[in-house]
Amino acid sequence: MNQVQNFEIFAPKLVDRKEYFSAGHRACQGCGEVLALRHILKALGDDVVVANATGCMEIISSGYPQSAWEVPYVHVAFENAAAVGSGVEAALKALRRKGRIADRYVKTIAVAGDGGTCDIGLQALSGAMERGHDMIFFCLDNEAYMNTGIQRSSATPFMAATTTSPAGEAIPGQRTWKKNVPEIMVAHKVPYVATACPSYPIDLINKVKKAAAVRGPAYIHVFSMCPTGWRCASEITIKMGRLAVETGVFPLYEVENGKYRLTMEVPEKLRPVEDYLKLQGRFRHLTPADIEKIQKQVHREWEILLNKVECLQPW
Amino acid sequence: MGKRVGMEVAIAAAEAVALCNIDVAAVYPITPQSHIAEHMADIIHDGRIDAEFITVESEHSAISALAGASAAGARAYTATSSQGLMLMHEILPIVSAMRLPVCMANANRAVSGPLNIWNDHTDIMPQRDSGWICLFTENGQEAIDLSIMSFKIAEDPEVMLPCVVNIDGFQLTHMIEPLEFPSQAEVAKFLPPRKPFAQLHPDNPISMGCFAMPDTYAETVKAKEEALRGSKKVVTRVFAEWAKRFGRKYNVVETYRAKDADTLMLTMGSMGETAATAVDEMRKAGRKVGLVKLRLWRPFPVEEIKAAVAGCKTLIVMDRAISTGGAGGPVATDVKSILYGEKKRPRILNVIAGLGGRDLTVGDFVNMFDLAKKKKDEPFEFYGVRE
Amino acid sequence: MAKKKTEQKKWPEKWHELNPGCMVFAAGNAANYKTGSWKSQHPVWDNSKCIKCGICYIFCPEGCIQETQDGFYEANLDYCKGCGICAHECWPGAIVMREEEE
Ligand code: SF4
Ligand code: SF4
């Protein structure tokens, strides 16, 4: 069957019981992104400030006069979560030093979707990471602008149908391969970079805790399954994440000071990508030749990743 | 009271802010603001003040970072100019809507294109409706005084709005003037550390920057409008306190030899001094002319302007920007609209002048007064543009 | 100016009653909004099959599944959106989704 092999069966018992993101939020049924957020916040606990970009998680959580956030939260605009986070972090540092807030460490995190990270937010992200702010940046990647109605982003996978990359006769869906932002973060010499997925909650939580222990920048790219935008059934959300990992479409790894490590079991052979693609309406138009092309690319990327794991040494 | 020193105005502006116990500064360099940015860096890197200095990768991130810092309770400062201010444009109304008292200096410079690094007011005018308190300075001393006062005004619990202090680029920023600084102790008494109304901290988890549905948005606009209009009272109060403590008197609208004048000219910013010299010369020649200087641009000081121009026959409004394709210069447009309902109102001539660093001499101001004598009414008029 | 308040505010507010800057002072008050009305089906537990692993709890995007005193799990149907994840992920098959009545 499915699921349980991915983590110790009773591991959920060890997870912080407190919820930091209240029910009553307006995320779609079966949203993988809000599930990721739920676990990220559990991993971080109370002493955190969140800077959020405009996007799904903002809209579903903070319509005045209600907020789902049990931790301090600020939203300013779409492209600037990393910049707002920079300011929060700087302020907390200065105010603590000057004795104007409680003398204890508070973590700053910034949260954005794939649009707010890979597209419009990339400059602010690059700036914040380069400057070395003590902040975790989370990209909650559901692979398109879902909040505005499923438009393509640079994180949308090859050939996926979105409302601005429709599966047309002449152009069958997204024309480009997914932008690899974790790699861009590694190139910034960010001390902790990881990929994660809420289908692997313990792995996700562990990575968040590791990132939180860094006194400096960290980046976690979270694969966030979206039944609405991917056009699949809501109950298979967790399964979709698992399939993305098992097919190698979204490998789970972490990069500590430049040293790559796979955090998933390294399979003898990856599952065929078709298993993942065929469950999603956004890939319905794919021909066997298209699937083959995607399969080749996934294998190529997987090899590159394995090479990095093997060859690259810490800085 | 401190002693007088000769200093470049941009550097003096940074020195004034250094007296204000800021917690976070974020700047991105742009001519002619760069001396403020550089000097701010010197002050913080030399450890003269205890503040975080964020060398952001753009002005958009400068204002965004300060939104975050201010939301977290910090006293936050930036300086910019022209294209930089334009890049901030998106975030400016958010900062005011979130009621964050960020303070900023703007070294006024023309907006591209064509690219031009020299002085006019085309950068601040598109930000007019952003909900920021907007002050103009006429000389270096005002740049110092208003920079310090801006924090007190912005952070007042009745206000909680951001404030921009306009300092004309080059014309003012790069002038070396004899200036007087209040002492650190005096400023500390005048401006204690910021006490935020609310701040991002786990000790009291709040949510900031929530969105408003159609059932609420209009109420938020009204709330911001009332807060901004109400801030004039506080500006006046802070000006009065400044006068008491430091002896220099400021008004939201200043008049100069205006009492019995039949022709008045209204200006903003550094041109006021040249215009005043022109008025002096013309007064010597027996002409009844005077000057109205707008120190507070937003909130628009409606009553004070009405009072200042009451009794004059002709009012020349000098704009250093134009509302392209609109009714004329933005200052004149506002002045006309507030006087429309008055029984006795002056004839208004709108002169668009001093664009992109075009110099204006005392003679030019005399010419403008003459223009007003001869010309019949036009909605607006470019001065000094080659025909 | 509006005062800091944590209690439930009246709604809708007049312009001068709004919290400054649309701040929300009552953390997590989104819980006042019951998303349970969205669902067309709801989970039903058969505790005889439940091994108390907590997987349903960990995968619920609403965070609305709670452990009961005896170590079993149940959903707060005020918030459950009926996504079916818990039933799909429950490995021993202790949860089934039932259509909402009427
Ligand atoms: S997932 Fe199934 S077996 Fe595990 S606790 Fe929930 S109901 Fe029980
Ligand atoms: S159906 Fe979905 S929302 Fe309802 S309890 Fe199960 S996982 Fe949670």
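Atom set for the values below is all heavy atoms of this structure, side chains included, hydrogens, waters and symmetry mates excluded. Here the structure is a predicted model, which is why all the values come from computation and not from measurement.
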Write out, in numerical order, the residues from residues 209-228 of chain B with a heavy atom short of 4.5 Å from a heavy atom in chain C.
-> Gly209(B), Cys210(B), Asp215(B), Thr216(B), Glu219(B), Thr220(B), Lys222(B), Ala223(B), Glu226(B)
Drop me the distance from Ser207(B)'s OG to Asn29(C)'s CG, to the nearest 0.5 angstrom.
-> 8.0 Å
What are the two closest heavy atoms between Met23(C) and Met98(B), and how far apart are they?
->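 Of all heavy-atom pairs spanning Met23(C) and Met98(B), the closest is CE-O, 3.8 Å.
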Minimal non-hydrogen separation, Met160(B) against Pro20(C), with atom names | CE-CB, 3.7 Å
Any chance CZ of Arg237(B) has more than 12 other-residue heavy atoms, nucleotides or ligands included, within less than 6.0 Å?
->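 Counting other residues, nucleotides and ligands, CZ of Arg237(B) exceeds 12 neighbours.
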Counterpart residues, side chain to side chain donor-acceptor pair (under 3.5 Å), relative to Arg194(B) (two or more places apart) |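 Partners of Arg194(B) by the side chain to side chain donor-acceptor pair (under 3.5 Å) criterion, ordered by chain and then number, come out as Ser70(B).
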